[in-house]
Protein chains: 2
Amino acid sequence: MTLDEAWRILQENQFKRTKNRETILEFFAENDKYLTAMEVRNFMAIDNPGISFDTIYRNLASFSNLGILEETELNGERHFRMQCDHGVHHHHFICTTCGKTRNILHCPMESISVNLPGYEVEGHKFEIYGKCPICIG
Amino acid sequence: MTLDEAWRILQENQFKRTKNRETILEFFAENDKYLTAMEVRNFMAIDNPGISFDTIYRNLASFSNLGILEETELNGERHFRMQCDHGVHHHHFICTTCGKTRNILHCPMESISVNLPGYEVEGHKFEIYGKCPICIG
DNA sequence: TTAGTAAACAGGAACGATTACGATTACTAC
DNA sequence: GTAGTAATCGTAATCGTTCCTGTTTACTAA
């Protein structure tokens, strides 16, 4: 997702254009990987040492709800990244060294759901962890 | 996994047979679902109100490392359950209401790994969330 | 352009889950 | 039994996250 798309979504939902939101989105646009709230804070603190965690978490949650960011849990910490291809369902390979991701277009749910009669499926999670070619290098 | 199998593994790894470990394993043997440290504590506190969280977390981590328990993250909390069929790779449907699980024998990795040339896969996670037939009512 | 209003923010306290630690207890091998 | 070690207790500390309160900011419409 581009910055323009993100701002369009925010505007459609009556979110104001603030300096903090610009900084957060800029950071995610530049980093194609899952990031923690602390990493976001450290980046924001360069220009604004007094940045509040409340501001960061509130905005990350809003962006996640709006589909601007994707969220996952790694090592017990919440991680966020820019939504890759808006609207196209996919999964991720996540490099355990550098954190970069690679899209997995195949979704295992298609061949599974038929085997769950009587069950109501609400969601699923499929992630692959390992080392990317650069980190193996 | 049965209690006997669990104790055999513990014995092979020089773990002592203590009352606390007996209580923890007994609780998991009786509950075919993912449980939190707090739920384990509440059960143990019936006989031993002074039980320490340190004891619980340390033993849960040991059991998980030994393959006696399986571990996953649900709603930001660590959950543990008895390893189902030791040695047989599988995944889970997890009911978001009662927490009970159902095995998914099909593993999506078989058809995926070929699409990741140059990547080194270390692990993967595949879970389906929803309502089981009992909770749908 | 300015005043009004709701949203956003800073700063810090609070919270729940988890871990660390020194002192104590229980097991095991001799 | 006794020594040595593993396990536990009780508590405090840590960590990531959320809540609270007063202040500031961005948008709106006159």
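Here is how names work: the chains are called A, B, and so on, in the same order as the sequence lines, proteins then strands, and each is numbered from 1.
- In this structure, B:Glu77 places its CD atom 11 Å from P of C:dG16, rounding to the nearest Å.
- Note on ring orientation: taking the six-membered ring where Trp is involved, the planes of B:Phe80 and B:Phe28 are perpendicular (angle over 60°, cut-offs 30° and 60°).
- Expressed to the nearest 0.5 Å, how far CG of A:Asn59 lies from CZ of A:Arg21 amounts to 4.5 Å.
- Closest approach of B:Glu39 to B:Phe27, counting heavy atoms only: O-CE2, 3.6 Å.
- Applying the 6.0 Å contact sphere to CG of B:Asn13 captures more than 12 heavy atoms from other residues, nucleotides or ligands.
- With hydrogens and angles disregarded, a donor-acceptor distance shorter than 3.5 Å links the side chain of B:Gln83 to the backbone of B:Gly67.
- Rounded to an integer number of Å, the gap from CD of B:Glu73 to P of C:dA17 is 12 Å.
- A donor atom on one side chain and an acceptor atom on the other are found under 3.5 Å apart for A:Thr96 and A:Lys131.
- In this structure, A:Arg58 reaches the bases: a heavy-atom distance under 4.0 Å links it to at least one base atom across the strands shown.
- Between B:Met82 and B:Asp32 the shortest side-chain heavy-atom distance does not fall below 4.5 Å.
- Scanning DNA chain D 5' to 3' for nucleotides with an atom closer than 4.0 angstrom to a non-hydrogen atom of chain A gives a first and last hit of D:dG16 to D:dC27.
- Along DNA chain D, the nucleotide closest to A:Gly76 and the one closest to A:Arg17 are compared, and the more 5′ of them pairs with A:Gly76.
- Computed from coordinates, the A:Asn13 CG to C:dA8 C1' distance equals 16 Å when rounded to whole Å.
- With hydrogens and angles disregarded, a donor-acceptor distance shorter than 3.5 Å links the side chain of A:Glu70 to the backbone of A:Cys84.
- Annotation for B:Lys100: atom NZ does not count as buried by contact number, only 12 or fewer foreign heavy atoms lying within 6.0 Å.
- Within a heavy-atom distance below 4.0 Å of DNA chain C, the residues of residues 41-54 of chain A found are A:Asn48, A:Gly50, A:Ile51, A:Ser52, A:Asp54.
- Remark on the helix from C:dT1-D:dA30 to C:dC30-D:dG1: inter-end axis angle 30°, axes from five-pair C1' superpositions, rounded to 10°.
- Taking the six-membered ring where the residue is Trp, A:His91 and A:Phe126 present perpendicular rings, their angle passing 60° and hence far from 30°.
- One can place CD of A:Gln14 at 10 Å from P of C:dA8, the figure rounded to the nearest angstrom.
- Across all strands shown, B:Arg78 has heavy atoms under 4.0 Å from sugar-phosphate atoms exclusively, and none from any base.
- At whole-Å resolution of the value, CG in A:Asn75 and P in C:dT19 are 12 Å apart.
- Atoms CG (B:Leu60) and P (C:dT19) sit 10 Å apart, rounded to a whole Å.
- When each of A:His79, A:His92, A:Glu127 is checked for a side chain to side chain donor-acceptor pair (under 3.5 Å) with A:Thr72, only A:Glu127 meets the rule.
- Between the C1' atom of C:dG4 and the NZ atom of A:Lys16 lies a distance of 11 Å, rounded to the nearest Å.
- Other residues, nucleotides and ligands contribute only 12 or fewer heavy atoms inside 6.0 Å of the CD1 atom of A:Ile134.
- The shortest distance between the side-chain N/O atoms of A:Thr18 and the OP1/OP2 oxygens of C:dC9 is below 4.0 Å.
- Rounded to whole Å, the distance from CD on A:Gln11 to C1' on C:dA8 is 17 Å.
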